[in-house]
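Below is one structure, written out as C-alpha cells; comments come after it.
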Amino acid sequence: MGKTTRIRVLDAASIDRSLTRIAHEILERNRNLRAIGLVGVQTRGVPLARRLAVRLGAIEGTAPPVGLLDINLYRDDLSRIADHPILRRTEIPFDLDEAVVILVDDVLFTGRTVRAALDALMDLGRPRQIQLAVLVDRGHRELPVRADFVGKNLPTAETERVDVCLTETDGEDEVVIVKAEGGGDAREETRP
Amino acid sequence: MKLSSPHLLGIEPLSPEEITLILDTAEGFSDIAAREIKKVPTLRGKTVVNFFVEPSTRTRSSFELAEKRLSADSLNFSTSTSSLVKGETLLDTLRNLEAMSPDFIVLRHSEAGAPHFLAKHGSTPIVNAGDGAHEHPTQALLDAFTIRRRKERFTGLKVAIVGDILHSRVARSNVYLLTKMGATVVLCGPPTLLPRGLDRLGAGVTHRMEEAIDGADVVMMLRIQHERMLGGFFPTLREYAAFYGLDARRLKRAAKDAIVMHPGPINRGVEIMGDVADGEASVILDQVRSGVAVRMAVLYLLAGGDREAAAQER
C-alpha cells in the first residue's frame with residue numbers, strides 16, 4: 001500500500017450546518033411534507049437520511065419516513081470486480097407509488113451509484129418524483145446526473161478519494177480528501 | 001470477502017466464514033420474492049447451463065428461478081434430451097457445453113464426484129446440485145438459512161436427521177455444515193440405512209428415534225424412496241413408519257419450540273405424518289422459499305469477474 005495524505009475539508013460543525021441548510025431547502029421545494037419519503041443509499045446515505053428526517057421533523061412537527069436502499073445488485077461493474085460487495089438490506093417502509101422521494105447519499109462522483117439507485121427504486125414502485133441530496137459533490141461525472149441539494153461542492157482531482165466519516169458508522173463526523181503520494185491513485189487504496 | 005473457490009462443489013471445503021457470507025448474502029435476496037418486480041439485473045448477459053443427469057424437478061426449478069430473477073439466461077439439459085444416453089462421455093459433453101461459453105454449469109449427477117471431474121477438466125465455474133450420495137451443498141445451505149432465521153444461531157443447537165442416511169447427500173452436506181457452525185447433529189435410521197463410520201464426520205449415531213429426537217431443536221426428516229424397498233433395506237413401509245415416522249406424539253419429545261424440516265418431496269404417512277407436515281412446527285415451505293434466495297446468493301458470489309487478476313494480486 002502506498003503512502004497517502006489526508007486533508008480534512010469538513011468538520012462536525014460544518015456537516016451539521018450543511019444538513020440543516022439542506023433540510024430547509026427540501027422544505028422550500030416541497031410544500032407538502034406528507035408526500036415525502038427519504039431513501040438513504042447504503043451505507044453512509046442511511047445515517048444522513050435519518051439526520052435529515054430528524055431536522056425536517058423538528059421544523060415541521062412530523063418527521064418523514066426513512067428507507068434503506070442497497071444498490072449493489074444494480075451496479076454496472078459487477079462483471080469487472082472479483083470481490084463482490086456484501087449485500088445490505090433494502091427496506092422502504094412507505095409506499096413508493098406517487099411518493100416524492102429524496103434520495104440521500106454521501107458523495108456524488110461519477111453518477112453511477114445514482115443511476116443504479118434510480119433503477120433499483122423504479123423496480124420497487126413508481127415514485128411521482130425523485131430528488132437527489134448529497135453531502136459532497138466532488139465533480140468528475142460520467143453520466144448526466146446532477147444533485148438537487150448539495151452540502152458542499154468540493155473540487156477534487158480524479159485520483160483523489162473523498163471519505164465521508166459519520167459518527168454512526170465511523171465514530172466521528174468529518175469529510176477528508178485522501179491523496180496518494182507520488183502521483184498514485186488514492187482510489188485504489190482501501191479505506192481504513 | 002469472497003469465496004475462495006470459483007466452484008461450489010460441496011460444503012466440506014467451505015470455511016464457517018464462507019458459509020456465513022453465503023447466508024448473509026441470501027438475506028439480501030430473500031425480499032425480492034415479495035416485490036412486484038421479482039427481478040434484478042445483476043447477472044444480465046450471463047449464461048447458466050443447468051445440466052441435470054438425474055431426474056429432478058424442484059432443485060432444477062429453484063435454480064432456474066434464481067437464475068431468472070438475477071436476469072441470467074438459462075439453458076436446461078436433462079437426461080432425456082442429453083446425448084449421454086447416446087453414448088457420449090461426460091468429458092465430451094463438457095467440451096461441447098463449454099464451446100457454447102456458459103458462465104456457470106449447474107450439475108446434478110447420479111455419480112459422486114461428477115462435478116469435481118467437470119471442475120478439474122473444464123474452465124467454467126461448477127455448482128454442484130447433488131452428486132450421487134455425496135453432497136448437495138445448496139440444500140444444506142438453504143436448510144441452514146431456514147434454521148438461522150428461526151433459531152438465530154447454530155451453536156448449541158441439537159439437530160436430529162432421521163431416515164435414509166445411507167443414500168442421502170442431503171444428510172452428508174448438512175452434517176458438514178451444521179458441525180462446522182457449532183451445532184450437534186444426531187443421525188438416526190434403521191441399521192441397513194445407517195452406514196458405519198458416520199461418527200467420524202462428527203455426528204452422533206443412533207437407531208432409536210426417541211433418543212435422536214429427545215430435546216432436539218431441529219428435526220430433519222429424510223424422504224424414503226420407494227425404490228429402496230426393492231433393495232431390501234426394510235421389510236415394509238408400514239413397519240418403517242411405525243419405527244421411524246414422525247408423528248405428533250414423537251415430536252413432543254423434542255424441544256418446545258422445535259422446528260420440523262424435510263427436503264421434499266414428502267411421503268405423507270411414511271416418514272412424516274400429515275398433521276406434523278402441516279403443523280405449526282413445520283418449516284417445509286420456508287425451506288422451498290429459502291432455496292431460491294440461497295441459490296441467487298451462490299451465483300452472485302461466484303460471478304465475481306476477473307478472478308485470475310485478483311488471484312495474481314495476492
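Hydrogens, waters and symmetry mates play no part in the numbers below; they use all other heavy atoms, side chains included. Proteins get letters first, then strands, A, B, ... in listed order; numbering begins at 1 in each. Every value quoted in this text rests on a predicted model; they were computed, and no experiment measured them.
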Are Thr42(B) and Tyr74(A) packed together at the side-chain level, in the sense that at least one heavy-atom pair is separated by less than 4.5 angstrom? no
Sub-4.5 Å side-chain heavy-atom contact between Asp123(A) and Lys39(B): no
[X] [atom1]: over 12 foreign heavy atoms closer than 6.0 Å:
{"X": "Arg89(A)", "atom1": "CZ", "value": "no"}
{"X": "Glu142(A)", "atom1": "CD", "value": "yes"}
{"X": "Lys180(B)", "atom1": "NZ", "value": "yes"}
{"X": "Lys151(B)", "atom1": "NZ", "value": "yes"}
{"X": "Arg8(A)", "atom1": "CZ", "value": "yes"}

Give, as side chain, backbone, both or neither, the part of Leu21(B) having an atom under 4.5 angstrom from any heavy atom of chain A. side chain
Report the C-alpha separation of Ile32(B) and Thr90(A) in whole Å, then their side-chain angles, then the decisive distance to 0.1 Å, and conclude whether the side chain to side chain contact (heavy atoms under 4.5 Å, CB included) test is met. CA-CA 10 Å; Ile32(B) 290 175; Thr90(A) 289; over 6 Å; no
Atom pair CG/OH of Leu73(A) and Tyr300(B) - distance to nearest 0.5 Å: 6.0 Å
Okay, Leu124(A) and chain B: the region with an atom under 4.5 Å from a heavy atom over there is side chain
